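Since this is a predicted model, take the numbers as computed values, not measurements.
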Amino acid sequence: MPEKNPYDRDCYSILETLDVATGERTVLREFDYVIEAPNWLPDGRRLLYNSHGSLWLFDLETKESKKIDTGDCSRCNNDHVLSPDGDYVGFSCGGMDSQVYIVPITGGKPRTVTPNSPSFLHGWSPDGKTLAYCAFRDGGKDVYAISAEGGEETRLTSAPGLNDGPEYSPDGRHIWFNSERSGLMQIWRMDADGQNQIQMTTDEDSNSWFAHLSPDGSQAVYIAYKKGDVAPGDHPANKNVELRLMSAQGGDYRVLCRLFGGQGTLNVNSWSPCGKKIAFVSYRMKG
C-alpha cells in the first residue's frame with residue numbers, strides 16, 4: 001500500500017512558545033495546514049519547521065516563513081536538527097526509504113550522509129562531528145551513530161522493540177533516547193559510545209517520547225501520551241498529550257501544559273538559546 005501522507009490531516013497548526021518558569025503560552029502564528037517540529041536557531045530570531053515535504057525558516061519578528069532550498073529532497077519529514085553553529089541543517093527525507101542529508105541553512109544541494117535506509121535523524125553532537133539517528137536494520141529498531149562526513153554507521157542499542165529519538169546532551173557526554181524495552185515507552189540515557197544505558201523516567205501512566213535537554217543541560221522536556229491511548233511504540237497525531245519537564249538527573253516531572261497534538265508537536269529540540277522557552281506546535285481539527 002502507498003505510504004500515508006502525514007499532511008492529509010485536516011487540521012489547523014498553532015505555532016507556540018511556552019515560558020518554562022511561568023507556563024505562559026504565546027501563539028506566534030496559526031496555519032490552516034499542517035506544520036511540524038520547530039527548532040530554535042542559535043541566533044534566537046528564527047525557527048525551523050517542516051511542512052508538506054519542505055523545510056521552512058520562520059522569522060519571529062515578522063511572523064513570515066521562507067522556504068529552504070533542499071534540491072531534489074521533496075519529502076523532508078519532522079526529523080531535522082541544526083549543526084551546533086546553526087550554519088547547516090541535518091534532516092531525514094522519505095518514509096521507509098528515508099536517509100539522512102545535510103544542507104546549508106541558506107539552502108543548496110543536500111549531501112547524503114547515511115549509506116542505508118530507513119534512517120531517521122535526531123541528534124548532532126556539540127562538536128559537530130557525529131550524527132545520531134534511529135534506523136531499522138535486520139528486524140531491529142535501534143540507535144546508530146555516524147560521522148557527519150558519512151562512512152560506516154555504529155550501532156549503539158540492541159534492546160528489543162523500538163529505540164528512538166537519540167539526542168546529545170550539551171556537553172556531548174551522553175545521548176538521551178526513548179525505548180519501549182520496559183513495556184512502556186520511557187526516556188533513557190547512555191554514554192555517547194552506547195555504554196551505561198540508564199532509564200530516566202518511570203512513568204507507569206504514560207508513554208514518554210523525545211527528551212530534549214536545555215542549553216545548560218540541567219533540564220529535559222518531553223512529550224507524554226496517556227497509557228492506553230497509543231501503543232508503546234507509536235507516537236501518532238491527534239491525541240491529547242502533555243509536555244513535561246524534569247531534571248536531567250531524573251526523578252519527578254512537572255506538567256508544563258496539556259494540548260491536542262502528538263506527532264509534529266515536539267519531535268525536535270526546540271529550546272530557545274537562552275533556555276527560558278520552548279517552541280512547539282498544537283493542533284485543532286477543522287469542521
Side-chain angles (χ1 to χ4, degrees), residues 15 17 28 35-51 53-61 65-71 73 76-93 98-114 119-134 143 145-150 164-172 174-177 192 210-217 219-223 264-281:
L15 181 60
T17 62
L28 300 177
I35 74 164
E36 296 181 321
N39 297 104
W40 211 308
L41 267 69
D43 62 19
R45 297 182 290 108
R46 296 173 293 171
L47 300 174
L48 169 75
Y49 66 84
N50 64 284
S51 182
S54 298
L55 300 176
W56 300 80
L57 287 172
F58 178 83
D59 189 292
L60 288 164
E61 181 177 356
S65 299
K66 180 181 179 181
K67 185 177 178 179
I68 298 176
D69 176 13
T70 55
C73 293
C76 303
N77 55 41
N78 53 36
D79 302 313
H80 42 77
V81 297
L82 296 162
S83 62
D85 57 13
D87 290 341
Y88 294 87
V89 54
F91 64 96
S92 305
C93 179
S98 175
Q99 289 183 277
V100 175
Y101 303 83
I102 292 176
V103 71
I105 196 71
T106 53
K109 183 179 180 180
R111 173 172 59 85
T112 308
V113 179
T114 51
S119 300
F120 304 100
L121 180 64
H122 285 276
W124 201 323
S125 64
D127 63 8
K129 295 180 179 180
T130 310
L131 304 180
Y133 54 100
C134 171
V143 173
I146 195 170
S147 167
E149 300 301 318
D164 195 5
E167 184 174 299
Y168 286 89
S169 58
D171 61 11
H174 299 112
I175 292 176
W176 287 63
F177 65 106
F210 303 133
H212 308 302
L213 274 290
S214 58
D216 65 2
Q219 302 179 97
V221 64
Y222 62 98
I223 187 168
T265 291
L266 198 76
N267 296 66
V268 301
N269 192 316
S270 59
W271 283 88
S272 62
C274 65
K276 295 181 179 180
K277 297 181 179 182
I278 58 169
F280 63 97
V281 182

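The distance from atom CG of Asn78 to atom CG of Leu55, rounded to the nearest 0.5 Å, is 10.5 Å. Taking CD1 from Ile35 and CG from Leu15, the interatomic distance works out to 4.5 Å, rounded to the nearest 0.5 Å. In this structure, the separation between CH2 on Trp40 and CH2 on Trp271 is 11.0 Å, given to the nearest 0.5 Å. For the atom pair CZ of Phe91 and CG of Asn77, the computed distance is 9.5 Å after rounding to the nearest 0.5 Å. Summarising the geometry, atom OG belonging to Ser98 is positioned 9.0 Å from atom CG belonging to Leu121; distances are rounded to the nearest 0.5 Å. If you take CG on Leu82 and CG on Leu41, they are separated by 5.0 Å, rounding to the nearest 0.5 Å.
Looking only at side-chain heavy atoms (C-beta outward), Asn267 and Glu36 stay at 4.5 Å or farther from each other. For the pair Leu266/Phe210, no side-chain contact is recorded, criterion being any heavy-atom separation below 4.5 Å from C-beta on. No side-chain heavy atom of His122 sits under 4.5 Å from any side-chain heavy atom of Tyr133. Residues Ile102 and Trp124 are in side-chain contact: their nearest non-hydrogen atoms beyond the backbone lie under 4.5 Å apart.
In this structure a side-chain-to-backbone donor-acceptor pair under 3.5 Å is missing from Thr130 to Ser125. Of the possible donor and acceptor atoms, none in the side chain of Ser83 sits under 3.5 Å from a partner among the backbone N and O of Val89. Checked by atom type and distance alone, the side chain of Thr114 pairs as donor or acceptor with a backbone atom of Val100 at under 3.5 Å. His212 contributes a side-chain N or O that, together with a main-chain N or O of Val268, makes up a donor-acceptor pair within less than 3.5 Å.
The neighbour count for Phe58 CZ, taken as heavy atoms of other residues, nucleotides or ligands under 6.0 Å away, is above 12.
Taking every heavy atom of both residues into account, Ala37 and Val281 meet most closely at N-CG2, 4.3 Å. Of all non-hydrogen atoms in Thr265 and Pro38, the two that sit nearest each other are O-CD, 4.2 Å. Across every non-hydrogen atom of Ala279 and Ser270, the tightest pair is O-OG, 2.5 Å.
Using a 3.5 Å distance cut-off with no hydrogens or angles, the side chains of Glu167 and Asn269 do pair a donor with an acceptor.
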